There are 2 protein chains.
Amino acid sequence: MSQRAGMSVGRIVAAALDELDEAGLDALTMRRVATRLGVQLNTVYFHVTGKPALLAMMADALLAGCDRAPLPLAWPDRLRVLATRLHDALLSRRDGARLLDLAHPDGPRGRSLGDALAGTATAAGLDQPGAAAAARLVVYAITGVSRDHGPGRTTGDDARLTFTLDVLVDGIAARVPATAARRAEDDLARRLRPPPPATRRPRGS
Amino acid sequence: MSQRAGMSVGRIVAAALDELDEAGLDALTMRRVATRLGVQLNTVYFHVTGKPALLAMMADALLAGCDRAPLPLAWPDRLRVLATRLHDALLSRRDGARLLDLAHPDGPRGRSLGDALAGTATAAGLDQPGAAAAARLVVYAITGVSRDHGPGRTTGDDARLTFTLDVLVDGIAARVPATAARRAEDDLARRLRPPPPATRRPRGS
DNA sequence: ACCTGAACACCGTTCAAGT
DNA sequence: ACCTGAACACCGTTCAAGT
């Protein structure tokens with residue numbers, strides 16, 4: 001019966017994710033989270049505004065690290081890696097995909113991943129609204145694929161992810177005007193050339 | 001206080017959809033549906049298994065007619081028309097997109113639309129698993145676009161739908177092997193030739 | 001500031017009847 | 001068969017205190 005339970009938002013979010021894994025999204029309850037933490041219901045409410053806020057923080061936590069590790073430079077590979085990491089993240093917890101589109105994450109990790117995706121589409125040569133739409137489209141597609149990915153790992157599931165990524169990459173590539181595509185390629189080539197060469201001096205001077 | 005209220009599943013689903021329009025998905029309650037029908041709560045439960053079943057039937061009703069009216073023969077146009085109709089259907093009711101991915105519709109209209117989309121992808125030249133994946137992808141994308149479509153009609157919303165459809169059509173086209181694409185084109189050309197010519201008789205007989 | 005105990009106004013679902 | 005009335009076991013959220 002200690003007065004101080006040493007509670008924190010971080011511990012609450014972690015416990016809520018564990019409860020999600022065990023009980024599923026439909027059975028996820030503020031009371032169950034409190035019970036799991038060995039604490040009174042209102043202790044949770046002291047640290048967290050309410051259930052929607054908790055769900056948003058859970059969704060955001062799920063996306064942690066999706067855009068952390070080093071990414072390939074070429075935009076198609078980068079898009080594939082980002083999308084695959086999102087896919088893995090959503091499958092790492094039970095009902096992860098349902099959680100994501102129930103409470104779309106405005107948190108830092110969600111925005112960071114969205115920015116990384118939009119940046120990748122920009123690198124492909126899309127303009128700003130196009131890149132934003134492409135980033136959303138990737139999230140829609142991956143969330144859907146993850147949601148329908150049954151708990152029993154069917155062999156066709158990886159094929160569906162691959163197919164989806166192929167369609168998206170080819171579709172985005174086709175939306176890039178020829179001039180923008182060439183400029184994006186030049187950008188990439190310039191970044192790949194190991195030492196950026198100084199402006200060449202005329203031979204005789 | 002009439003004993004017979006003349007209740008039916010159809011009236012209940014219609015009332016639930018009206019209640020959805022007025023109150024939104026979060027406030028949609030079995031009791032509110034009953035009240036709207038001027039009937040006791042358990043009258044609803046007599047005709048409907050439970051709330052999940054009602055939501056599924058609502059989602060299915062939302063999809064009615066998406067694949068009814070005549071469709072263009074060429075697969076890109078057909079895909080665009082089907083997807084646009086789905087988009088319109090999801091926007092025709094408040095929280096329509098959220099309803100759809102909360103209770104994905106196994107009902108007849110949902111399957112019918114899914115079959116129409118898969119058939120369109122098959123007409124493009126995709127094999128069976130590819131066509132199924134493409135059909136799902138279209139639904140994921142349109143649902144996402146519709147969900148993020150704010151209640152205030154922004155001018156950029158139609159542009160986002162167009163962009164999304166462009167990416168999907170181009171991406172699907174790129175996934176079709178060259179031989180399958182030519183066969184699909186031949187199929188279409190054969191169907192467009194107005195009178196199917198009888199097998200030509202040898203000149204002399 | 002941090003946590004408890006108790007309550008409020010709901011909710012989905014079910015049970016026992018009525019006609 | 002169709003509908004009512006009343007209840008059960010919850011739920012998210014809040015209020016009034018304690019230390």
Side-chain angles (χ1 to χ4, degrees), chain A residues 1-60 94-95 98-99 101-106, chain B residues 1-60 94-95 98-99 101-106:
Chain A
M1 309 298 171
S2 57
Q3 320 278 98
R4 291 284 131 94
M7 202 41 54
S8 69
V9 248
R11 285 192 58 198
I12 293 176
V13 171
L17 285 171
D18 290 344
E19 188 65 30
L20 177 71
D21 250 343
E22 279 187 18
L25 186 59
D26 294 325
L28 185 73
T29 283
M30 297 299 268
R31 287 169 214 264
R32 292 187 70 143
V33 173
T35 303
R36 167 176 283 267
L37 287 162
V39 102
Q40 215 64 22
L41 171 59
N42 301 17
T43 307
V44 177
Y45 272 94
F46 179 81
H47 293 275
V48 161
T49 312
K51 197 181 185 185
L54 179 56
L55 290 172
M57 284 160 49
M58 292 169 66
D60 198 60
R94 179 170 165 187
D95 288 333
R98 282 179 64 203
L99 172 64
D101 61 24
L102 177 63
H104 31 148
D106 302 336
Chain B
M1 307 298 174
S2 57
Q3 319 277 98
R4 290 284 132 93
M7 203 41 55
S8 70
V9 248
R11 285 191 58 197
I12 292 175
V13 171
L17 284 172
D18 290 344
E19 187 64 29
L20 177 71
D21 251 343
E22 278 187 18
L25 185 58
D26 295 324
L28 185 73
T29 283
M30 298 299 269
R31 288 168 214 265
R32 292 188 70 144
V33 174
T35 303
R36 166 177 283 267
L37 287 162
V39 101
Q40 216 63 23
L41 171 59
N42 299 18
T43 305
V44 177
Y45 272 94
F46 178 80
H47 292 276
V48 161
T49 312
K51 196 181 184 184
L54 178 57
L55 290 173
M57 283 161 48
M58 292 168 66
D60 198 60
R94 178 170 166 188
D95 289 333
R98 283 179 64 203
L99 172 65
D101 61 23
L102 175 64
H104 31 149
D106 302 335

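Treat the numbers as computed from the prediction; the structure is a model and nothing was measured. Numbers restart at 1 for each chain; the letters A, B, ... are given by sequence-line order, proteins then strands.
Distance from the side chain of B:R31 is smallest to D:dA7 among D:dA7, D:dG12, D:dC3. Distance from the side chain of B:Y45 is smallest to C:dT13 among C:dT13, D:dT4, D:dT13. Across D:dT13, C:dC3, C:dT13, the shortest atom-to-atom separation from the side chain of A:K51 is found for D:dT13. Closest to the side chain of A:M7, out of C:dT13, D:dC3, C:dC3, is C:dC3. Side chain of A:Q40, nearest nucleotide from D:dC3, C:dT4, C:dT13: C:dT4. Of the listed nucleotides (C:dC2, C:dT4, D:dT4), C:dT4 has the atom at the smallest distance from the side chain of A:V39.
Put simply, CG on A:L37 is 13 Å from C1' on C:dC3, counting in whole angstrom units. The distance from atom CG of B:L55 to atom C1' of C:dG12 is 12 Å, rounded to the nearest whole Å. Summarising the geometry, the separation between CZ on A:F46 and P on D:dT13 is reported as 17 Å, rounded to the nearest angstrom. The separation between A:I12 atom CD1 and C:dC2 atom P is 11 Å, rounded to whole Å. The distance from atom CZ of A:R32 to atom P of D:dC11 is 8 Å, rounded to the nearest whole Å. Counting to the nearest Å, the P atom of D:dC8 and the CG atom of B:L41 are 16 Å from each other. Atoms CG (B:L54) and C1' (C:dT13) sit 14 Å apart, rounded to a whole Å. Atom CE in B:M30 sits about 19 Å away from atom P in D:dC11, given to the nearest Å.
Straight-line distance between the P atoms of D:dC2 and C:dA17: roughly 22 Å, to the nearest whole Å.
Between A:M30 and A:G50 the shortest heavy-atom distance is CE-C, 3.9 Å. The two residues A:A27 and A:R32 make their nearest non-hydrogen contact at O-CD, 3.2 Å. For the pair B:R98 and B:D26, the tightest heavy-atom approach, listed with the atom from each and the gap, is NH2-OD1, 2.8 Å. The two residues A:L37 and A:M7 have their closest heavy-atom pair at CD1-SD, 3.9 Å. When all heavy atoms of B:T49 and B:A53 are compared, the closest pair comes out as CB-CB, 4.0 Å.
A sub-4.0 Å separation between OP1 or OP2 of D:dC3 and a side-chain N or O of B:H47 is present. At the phosphate of C:dT4, OP1 or OP2 sits under 4.0 Å from a side-chain N or O atom of A:T43.
The residue A:T29 sits close only to the backbone: its heavy atoms come under 4.0 Å of sugar-phosphate atoms, none of a base.
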*What would the secondary structure line of DNA chain D be in dot-bracket form, counting Watson-Crick and G-U wobble pairs under 3.5 Å, with [ ] for pairs that cross earlier ones and | for pairs with another strand?*
||.|||||...|||||.||
_Test log, rule side chain to side chain contact (heavy atoms under 4.5 Å, CB included), inputs A:H47 and A:R11_ = CA-CA 10 Å; A:H47 293 275; A:R11 285 192 58 198; over 6 Å; no
*asked:* Assess the residue pair A:L28 and A:L55 against the criterion (side chain to side chain contact (heavy atoms under 4.5 Å, CB included)); give the C-alpha distance rounded to whole Å, side-chain angles, the decisive distance to 0.1 Å, and a yes or no.
replied: CA-CA 10 Å; A:L28 185 73; A:L55 290 172; 3.9 Å; yes
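Counting non-hydrogen atoms of other residues, nucleotides and ligands closer than 6.0 Å to CG of A:D106 gives a total of 12 or fewer.
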